[in-house]
Amino acid sequence: MSDYLSTGGVRAPEILVDTGRRTSSTPVPKDELFLEGYGRQFGEKMTYSIGLTYGAGLLTGGFYGGLLGIRQGGATPKLFLNSVLNSCSRYGPALANQSAIITMYYVMFNGLISTLRSDDTFNSALAGASAGALYKAASRSLESIGRYSVVGCGFFTGIDYLMRTGRF
């Protein structure tokens with residue numbers, strides 16, 4: 001077996017030597033490349049939704065933390081920058097993780113409810129309320145469970161409405 005230093009190149013592994021190449025010159029139809037509409041598979045919807053809300057939470061929390069760091073300030077420019085970066089890295093990941101977990105619960109409940117009922121807007125409201133309630137279930141405070149449930153219901157119903165009407 002030769003290596004890169006003696007030959008100046010890398011040989012293809014034996015398993016790839018006899019692999020056929022695609023020779024068709026006809027393009028693949030658009031229907032086979034992209035998923036149309038909101039009807040994604042469960043795993044794709046879970047991955048897409050969690051990644052999107054994690055990124056949005058990271059940006060939103062980081063921006064909020066940056067504003068708090070600017071407000072706190074520092075005696076020197078280095079301390080000022082340290083204050084801003086510490087605040088960004090404190091609030092950004094915290095909000096990102098929280099929103100990603102609630103979204104994971106939402107997608108799970110929405111998939112479960114959609115298999116039991118016909119697919120309509122009430123599914124997202126029920127799934128959002130269930131996701132918020134499950135997220136705060138360990139707090140043992142009915143007030144915080146209720147708050148998260150109402151916010152989850154409103155937020156996810158609004159997002160679902162925007163997705164269904166094509167405005168988002």
Side-chain angles (χ1 to χ4, degrees), residues 28-75 77-168:
V28 178
K30 181 183 176 191
D31 295 341
E32 295 179 16
L33 291 177
F34 303 107
L35 292 171
E36 295 293 326
Y38 191 53
R40 298 174 190 245
Q41 298 296 327
F42 178 76
E44 294 169 348
K45 193 180 291 186
M46 178 79 78
T47 304
Y48 174 78
S49 299
I50 289 174
L52 188 67
T53 56
Y54 185 87
L58 191 63
L59 288 174
T60 305
F63 182 72
Y64 175 73
L67 292 177
L68 289 179
I70 289 171
R71 188 175 74 179
Q72 182 180 357
K78 281 186 178 183
L79 290 176
F80 179 77
L81 181 63
N82 189 24
S83 170
V84 171
L85 292 177
N86 283 342
S87 294
C88 285
S89 63
R90 177 178 173 201
Y91 291 100
L95 184 61
N97 290 334
Q98 182 179 10
S99 60
I101 293 296
I102 292 175
T103 301
M104 181 183 69
Y105 290 155
Y106 166 75
V107 172
M108 178 187 65
F109 279 124
N110 196 20
L112 178 67
I113 293 169
S114 293
T115 59
L116 300 175
R117 299 184 68 231
S118 63
D119 192 23
D120 59 358
T121 307
F122 295 113
N123 290 358
S124 63
L126 185 58
S130 301
L134 180 62
Y135 182 75
K136 275 299 184 182
S139 70
R140 296 186 181 146
S141 167
L142 290 178
E143 183 180 332
S144 66
I145 291 173
R147 264 192 266 139
Y148 272 76
S149 186
V150 168
V151 169
C153 177
F155 178 77
F156 288 114
T157 302
I159 293 295
D160 187 60
Y161 173 75
L162 293 174
M163 293 291 285
R164 286 180 189 271
T165 58
R167 297 180 186 171
F168 188 57

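Everything numeric here is computed off the predicted structure, so don't read it as measured data.
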Engineer: Quick one: closest heavy-atom pair of Ser144 and Ser139, and the distance?
Structural biologist: OG-OG, 2.9 Å
Engineer: Once salt bridge (Lys or Arg N to Asp or Glu O under 4.0 Å) is applied, what residue pairs with a partner in residues 134-148 remain, sequence neighbours excluded?
Structural biologist: Glu143-Arg147
Engineer: Over all heavy atoms of both residues, which pair between Pro93 and Cys88 is shortest? Give the atoms and the distance, please.
Structural biologist: CD-O, 3.8 Å
Engineer: For Thr47, what residues pass the side-chain hydrogen bond (donor to acceptor under 3.5 Å, both in side chains) criterion, not counting sequence neighbours?
Structural biologist: none
Engineer: Please identify each residue that fulfils side chain to side chain contact (heavy atoms under 4.5 Å, CB included) with Cys153, with sequence neighbours left out.
Structural biologist: Ala125, Ala129, Thr157
Engineer: How many angstroms lie between atom CD1 of Ile159 and atom OH of Tyr106, to the nearest 0.5 angstrom?
Structural biologist: 9.0 Å
Engineer: Taking all heavy atoms of Asn110 and all of Ala127, pick out the closest pair and write down the distance.
Structural biologist: N-CB, 3.5 Å
Engineer: With Tyr64, which residues qualify under side chain to side chain contact (heavy atoms under 4.5 Å, CB included), at least two apart?
Structural biologist: Leu68, Tyr91
Engineer: Who passes side-chain hydrogen bond (donor to acceptor under 3.5 Å, both in side chains) against Tyr148, sequence neighbours left out?
Structural biologist: Gln98
Engineer: Please name all residues satisfying side-chain hydrogen bond (donor to acceptor under 3.5 Å, both in side chains) with Asn97, sequence neighbours left out, ordered by chain then number.
Structural biologist: none
Engineer: Output all residues satisfying side-chain hydrogen bond (donor to acceptor under 3.5 Å, both in side chains) with Ser89, sequence neighbours left out; order by chain, then residue number.
Structural biologist: none
Engineer: Under the side chain to side chain contact (heavy atoms under 4.5 Å, CB included) rule, collect the residues that match up with Ile101, sequence neighbours excluded.
Structural biologist: Met104, Tyr105, Tyr135
Engineer: What distance separates Ile113 CD1 from Ser118 OG, expressed to the nearest 0.5 Å?
Structural biologist: 12.0 Å
Engineer: Please report the interatomic distance CE(Met108) to CG(Leu134), rounded to the nearest 0.5 Å.
Structural biologist: 6.0 Å
Engineer: Are side-chain heavy atoms of Ile102 and Phe155 found at a separation under 4.5 Å?
Structural biologist: no
Engineer: Which heavy-atom pair separates Asn123 from Arg117 by the least distance, and what is that distance?
Structural biologist: OD1-NH1, 2.6 Å
Engineer: Got a sec, which residues hit side chain to side chain contact (heavy atoms under 4.5 Å, CB included) with Leu79, two or more places apart in sequence or on another chain?
Structural biologist: Ala75, Thr76
Engineer: Excluding sequence neighbours, so at least two apart, what forms salt bridge (charged side-chain N to carboxylate O under 4.0 Å, His left out) with Arg90?
Structural biologist: none
Engineer: Has Ser149 got a side-chain atom pairing as donor or acceptor with Gly132's backbone, closer than 3.5 angstrom?
Structural biologist: no
Engineer: Donor-acceptor pairs under 3.5 Å, side chain of residues 49-60 to any protein atom, not counting sequence neighbours: which ones?
Structural biologist:
residue : atom : partner : partner atom : Å
Ser49   : OG   : Lys45   : O            : 2.8
Thr53   : OG1  : Ser49   : O            : 3.0
Thr53   : OG1  : Ile50   : O            : 3.3
Thr53   : OG1  : Thr103  : OG1          : 3.1
Thr60   : OG1  : Ala56   : O            : 2.7

